[in-house]
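Letters A, B, ... mirror the listed sequences (proteins, then strands); counts begin at 1.
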Protein chains: 2
Amino acid sequence: MNALKYAILGLINRNRITGYDLTKIFNDSVADFWSAKQSQIYPELKKLVDAKLVEYEIVIQGEVLEKKVYSITDKGKEELNNWLMQDEPLDNTIKDIFKLRVYFAENLPQAQLLAKFEKQRIKCINKLERYTSKLEEYQHCNITSEDFGDFILLKGAISREKAYIEWIKDCVKYINTK
Amino acid sequence: MNALKYAILGLINRNRITGYDLTKIFNDSVADFWSAKQSQIYPELKKLVDAKLVEYEIVIQGEVLEKKVYSITDKGKEELNNWLMQDEPLDNTIKDIFKLRVYFAENLPQAQLLAKFEKQRIKCINKLERYTSKLEEYQHCNITSEDFGDFILLKGAISREKAYIEWIKDCVKYINTK
DNA sequence: CAGCACATGTAATACGTTACATGATTAC
DNA sequence: GTAATCATGTAACGTATTACATGTGCTG
């Protein structure tokens, strides 16, 4: 399947870009639904070049620093579009270490369990706040704008986070009414 | 970190169990928030035995078939409890292949994009229905009951699935009103 | 007696993280 | 001139999936 390959291909398709900048994107804007480290990105770029899906131009930064600016080839565009249209079964496991812990923490003292949920709630609220403040930048987006993808994905993240917070509230309620 | 280690330890702590039955649990009841294949489970069980966190008794099934029934040791209980109390930063990437695709599918023909969302919506609704019908079994749970963990985790899955479906509706709306 | 579920393992490969390694450029 | 950022790569290790490999027990 190799999703990373297509994630990189998709990003290069948007704009000519270096490996370094790809790395930043995987840590920043795209990080909510995909991520990758440098040590995965550089080898994957090499594979993409070998497969002639992307090509690069060496650009001199300053006096001597060589950077490779990647761009997509026609073959790359074709393969990206094929992948975009593919359909897949839903992933039925979304690993969540907090959920794993509370699953086993059932017979913990009630106060400790509540404290655990409260800590998690705070974290989620902070995350939600970061998302909502980021959303303000996208207020006037529409489908043709370049940022439509970013916009709806941010919406998705907010929706998910809110649901998680509601779930935590529910859990606390269940624990308390016992 | 080795979450699998503690997932297995936690399950063995609940009940004496074989590797085979652990495998089933990771594919069934626990699958929504954690999973593992047989090929991870058996080696992990061996490590747990070596670390004296679990021990096993050989039980004869039928005439000759030997099965290993694992149970947790005191040392195992201690290590499990330590782990349960540990705190961790939120995982900021929840990989989602559908989201990755729609992120790049922005400049796809509108009809195809809508079809993609509709397909996903159907899948999510089916999943949600499986969850809700499963929930009926747990209607009268309370914190002391053995199934409290299963109950709240199922609640979490339902909450997440509903949010996802709402998000899809939102996206469709945004695409259409453009 | 056939087919499915029970039962336990290993091998090869793929995917992901942490750490190592090096050097240039820019902004203060 | 020094610290942060830009820039590219590799090595070692940890985690996860697919496939291989084998045999017993139970139900119809």
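Atom NZ of A:K68 is separated from atom C1' of D:dC6 by 16 Å (rounded to the nearest Å). Atom CG of A:L22 and atom C1' of D:dC6 are 14 Å apart (whole Å). The nearest whole Å value for the distance from the CG atom in A:L45 to the P atom in D:dA7 is 14 Å. D:dA7 atom P lies 12 Å from atom CD1 of A:I25, rounded to whole Å. Rounded to whole Å, the distance from CD on B:Q40 to C1' on D:dA19 is 15 Å. Between the CD atom of A:E66 and the P atom of D:dT8 there is a distance of 10 Å, rounded to whole Å. To the nearest angstrom, P of D:dA12 lies 17 Å from CD of A:Q38. Per the geometry, CG belonging to A:N2 stands 14 Å off C1' belonging to D:dT17, to the nearest Å.
For the residue pair A:Q38 and A:Y20, no side-chain donor N or O sits within less than 3.5 Å of a side-chain acceptor on the partner. No side-chain donor from either of A:E57 and A:Y70 sits under 3.5 Å from a side-chain acceptor of the other.
In terms of position along DNA chain C, the nucleotide closest to B:G19 lies nearer the 5' end than the nucleotide closest to the other residue of the pair A:A3 and B:G19. Between B:T23 and A:L4, the residue whose closest nucleotide on DNA chain C is further toward the 5' end is B:T23.
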Contact pattern, 5' to 3', of nucleotides 23-28 of chain D - B, S or - by protein heavy atom under 4.0 Å: BBS---

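Around CD of A:Q86, the count of heavy atoms belonging to other residues, nucleotides or ligands within 6.0 Å exceeds 12. Within a 6.0 Å sphere centred on CG of B:D28, heavy atoms belonging to other residues, nucleotides or ligands number more than 12. Within a 6.0 Å radius of CG in A:D74, no more than 12 heavy atoms belonging to other residues, nucleotides or ligands are found. Around atom CD of B:E118, more than 12 heavy atoms belonging to other residues, nucleotides or ligands sit under 6.0 Å away.
Regarding contacts with the backbone of D:dA16, a side-chain N or O of A:K95 is found under 4.0 angstrom from either OP1 or OP2. Phosphate contact (OP1/OP2 of D:dT8, side-chain N/O of A:Y20, threshold under 4.0 Å): absent.
Both tests do not hold together for A:R16 against A:Y56: distance to the six-membered ring centre under 6.0 Å, angle to the ring axis within 45°. For the pair B:R101 and A:W83, the cation-pi test (distance below 6.0 Å, angle within 45°) is passed. Both the sub-6.0 Å distance and the 45° axial angle are not jointly satisfied by A:K162 relative to the ring of A:W167.
The nearest pair of heavy atoms linking A:A7 to A:W34 is CB-CD1, 4.4 Å.
When heavy atoms are screened at a 4.0 angstrom cut-off, A:K5 is found touching no nucleic acid atom at all. When heavy atoms are screened at a 4.0 angstrom cut-off, B:S39 is found touching base atoms of the nucleic acid. Using a 4.0 Å heavy-atom criterion, one finds that B:K37 contacts the bases of the nucleic acid, with or without backbone contacts as well.
The main-chain N or O of A:A31 is found under 3.5 Å from a side-chain atom of B:T93 such that the two form a donor-acceptor pair.
Considering B:Y174, B:F98, B:Y164 in turn, B:F98 is the only one that fulfils the ring pair (Phe, Tyr, Trp, His ring centres under 6.0 Å) rule with B:F117.
Recorded end-axis angle for the helix from C:dC1-D:dG28 to C:dC28-D:dG1 stands at 30°, based on five pairs per end and rounded to 10 degrees.
Protein chain B contacts DNA chain C over a range whose 5' and 3' limits, counting nucleotides with an atom under 4.0 angstrom from a non-hydrogen atom, are C:dA5 to C:dG16.
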